[in-house]
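This report refers to the structure that appears directly beneath it.
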2 protein chains.
Amino acid sequence: MTDPEPTHDIEAVFREKGIPFTRQRRLIWEFFAGADRAATIGEAADALRGDGVGQATVYRAVILLSDLGLLARVQDRRGEICYTAPTIGHSHPLICGVCRRVVRFDGDGDVKELEARLSAATGFSIYGHHLEVYGICPDCRRDGGAGG
Amino acid sequence: MTDPEPTHDIEAVFREKGIPFTRQRRLIWEFFAGADRAATIGEAADALRGDGVGQATVYRAVILLSDLGLLARVQDRRGEICYTAPTIGHSHPLICGVCRRVVRFDGDGDVKELEARLSAATGFSIYGHHLEVYGICPDCRRDGGAGG
DNA sequence: AACTGGCGTGAGAACCGTTCTCAACTGCTG
DNA sequence: CAGCAGTTGAGAACGGTTCTCACGCCAGTT
């Protein structure tokens with residue numbers, strides 16, 4: 001939608017795996033990558049209906065993109081499941097609970113150390129983690145915080 | 001199911017708020033508190049059907065308990081939504097992705113510092129976070145790790 | 001250029017988890 | 001015991017997700 005740059009990397013990921021990067025998949029990816037906030041699958045389907053992208057296709061593509069690590073699942077304040085495109089590499093979302101704007105940050109240094117301690121203490125072999133931080137962004141705070 | 005002790009604290013929480021701690025709510029609470037692993041609402045409903053607890057009641061009670069901070073929502077490896085009773089105070093779950101056993105830990109020191117940095121950097125007013133760590137517990141590793 | 005096979009897609013039905021509705025019930029208070 | 005407010009259970013309704021299957025697109029072949 002806005003920035004065509006990241007799309008090229010994505011195409012390479014698909015090509016590497018031998019998965020076709022179809023028109024629909026491109027549109028779906030661009031919807032999430034071009035948004036500055038997390039969006040639900042329903043929102044993506046609504047937005048792309050006019051482009052001739054079916055609902056089932058959106059579901060399938062989101063699963064595919066998630067599997068490839070190209071979309072991350074997050075929750076808004078009401079617990080609704082949304083998706084957002086991570087920047088390259090591992091990062092965590094700071095989500096505005098009101099407007100769902102997402103700012104990504106790298107908090108892995110903090111978590112890796114914690115994971116090592118946990119692994120030693122519990123004997124679990126740790127394979128991942130999920131960290132989201134919730135806040136209200138400056139814009140929403142200015143607007144009263146309760147607005148959409 | 002196992003430890004009757006924590007139930008007393010819960011009753012106090014309900015009484016403080018003037019919310020009736022009914023037989024059904026007690027059973028539902030005991031189901032989650034007595035389990036050493038996270039369970040879905042459906043599992044709770046199945047388990048308590050024989051005790052004459054309706055499905056709708058389980059849903060309502062889980063929402064109530066979550067609102068009171070007495071149940072925490074987590075996800076297993078397949079992304080399924082489960083609930084688990086936190087220990088007193090704020091803690092985070094280390095979840096076995098295979099059997100859903102939950103070990104709770106206090107990782108707030110690590111996160112609080114991160115939150116302060118984020119707040120300063122982004123201008124967000126931070127109201128919460130969600131941290132889950134995923135691993136395979138020693139038992140499941142011994143059993144092959146892929147089972148369950 | 002036409003044919004063929006394989007995969008992705010779209011429409012709509014099916015499925016299933018969650019919520020809603022409403023009458024019956026329970027536990028209080030007087 | 002009567003009256004009241006809040007809770008509950010059964011089943012219907014709802015809505016999001018998945019499934020089914022015929023169709024279309026593309027690449028490779030003739």
Side-chain angles (χ1 to χ4, degrees), chain A residues 7 10-11 13-32 38-68 70-84 100, chain B residues 10-32 38-68 70-84 100:
Chain A
T7 309
I10 299 306
E11 266 192 79
V13 172
F14 273 78
R15 204 172 313 116
E16 249 172 52
K17 309 250 176 186
I19 300 170
F21 192 56
T22 63
R23 185 183 72 88
Q24 288 87 342
R25 286 172 182 170
R26 174 189 295 276
L27 284 168
I28 292 160
W29 162 252
E30 284 175 351
F31 175 84
F32 286 103
T40 64
I41 292 182
E43 286 163 1
D46 285 349
L48 299 173
R49 186 165 301 133
D51 297 315
V53 179
Q55 188 185 37
T57 302
V58 177
Y59 275 93
R60 285 184 284 230
V62 167
I63 290 170
L64 180 61
L65 288 164
S66 299
D67 285 351
L68 294 172
L70 303 173
L71 280 185
R73 185 160 83 164
V74 301
Q75 289 175 32
D76 71 6
R77 203 173 193 175
R78 297 201 310 272
E80 214 163 356
I81 304 294
C82 306
Y83 291 84
T84 178
R100 298 203 302 231
Chain B
I10 299 305
E11 266 193 80
V13 173
F14 274 77
R15 204 170 316 116
E16 249 172 52
K17 308 247 178 191
I19 300 169
F21 192 57
T22 62
R23 185 184 72 90
Q24 288 87 343
R25 287 172 181 168
R26 174 189 295 275
L27 285 166
I28 292 160
W29 162 251
E30 284 174 351
F31 175 83
F32 286 102
T40 64
I41 292 182
E43 286 163 359
D46 286 348
L48 299 173
R49 187 165 301 134
D51 296 315
V53 179
Q55 188 184 35
T57 301
V58 177
Y59 277 93
R60 285 184 285 229
V62 167
I63 290 170
L64 179 60
L65 288 164
S66 299
D67 285 350
L68 293 173
L70 302 173
L71 281 184
R73 185 159 83 164
V74 302
Q75 289 175 32
D76 71 6
R77 203 173 193 173
R78 296 202 312 273
E80 213 163 357
I81 305 294
C82 306
Y83 291 84
T84 178
R100 299 204 298 233

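Note on naming: letters A, B, ... go to the chains in the order of the sequence lines (proteins, then strands), and numbering restarts at 1 for each one.
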Discussion item. Counting C-beta onward and ignoring hydrogens, is there a side-chain heavy-atom pair between A:I10 and A:L68 closer than 4.5 Å?
Written reply: no

Worksheet entry | For A:A45 against A:V58, the heavy-atom pair lying closest together | CA-CG2, 3.9 Å

Discussion item. Between A:D51 and B:G42, which residue's closest nucleotide on DNA chain C lies nearer the 5′ terminus?
Written reply: A:D51

Worksheet item: Can you say whether the rings of B:F21 and B:F14 are parallel (under 30°), tilted (30 to 60°) or perpendicular (over 60°)?
Response: tilted

Fill in: Rounded distance in Å - CZ (A:R25) to C1' (D:dC26)
14 Å

Response to the item:
5'-most to 3'-most nt of DNA chain C touching chain B (<4.0 Å, heavy-atom partner on protein side) reads C:dG17 to C:dT21

Worksheet entry | Interface with DNA chain C, restricted to residues 53-62 of chain B and to heavy atoms under 4.0 Å | B:Q55, B:A56, B:Y59, B:R60

Worksheet item: A:I19 has an atom CD1; how far is it from atom C1' of D:dC26, in whole Å?
Response: 17 Å

Practice prompt. Would you check, one step at a time, whether the test side chain to side chain contact (heavy atoms under 4.5 Å, CB included) holds for A:E43 with A:R100?
Written response: CA-CA 13 Å; A:E43 286 163 1; A:R100 298 203 302 231; 2.4 Å; yes

Worksheet item: A:D46 versus A:R49: any side-chain heavy-atom pair under 4.5 Å?
Response: yes

Practice prompt. Determine the minimum heavy-atom distance between A:I81 and A:T40, stating which atoms define it.
Written response: O-CG2, 3.6 Å

Discussion item. Give me the atom names and distance for the closest heavy-atom approach of B:W29 to B:L70.
Written reply: CZ3-O, 3.1 Å

Discussion item. Can you measure A:R15 atom CZ to D:dC26 atom C1' for me and round it to whole angstrom units?
Written reply: 16 Å

Item to complete: Supply the atom-to-atom distance B:Y83 OH to B:I41 CD1, rounded to the nearest 0.5 angstrom.
Response: 4.5 Å

Discussion item. What is the distance, to the nearest angstrom, from the CZ atom on A:R73 to the C1' atom on D:dT17?
Written reply: 12 Å

Item to complete: Would you work out how much the helix from C:dA1-D:dT30 to C:dG30-D:dC1 bends between its ends, with each end axis defined by five base pairs, to 10 degrees?
Response: 20°

Discussion item. Rounding to an integer number of Å, can you tell me how far B:L27 CG sits from D:dG9 P?
Written reply: 10 Å

Worksheet item: In whole angstroms, how far is the P atom of D:dT17 from the CD1 atom of A:I63?
Response: 10 Å

Practice prompt. Of all the heavy-atom pairs spanning A:R25 and A:P20, show the shortest one and how long it is.
Written response: NH1-O, 2.8 Å

Discussion item. Give me the atom names and distance for the closest heavy-atom approach of B:R23 to B:G52.
Written reply: NH2-O, 3.7 Å

Discussion item. Nearest whole Å is fine: how far is D:dG6 P from B:K17 NZ?
Written reply: 18 Å

Worksheet entry | Minimal non-hydrogen separation, A:F31 against A:A39, with atom names | CE2-CB, 3.5 Å

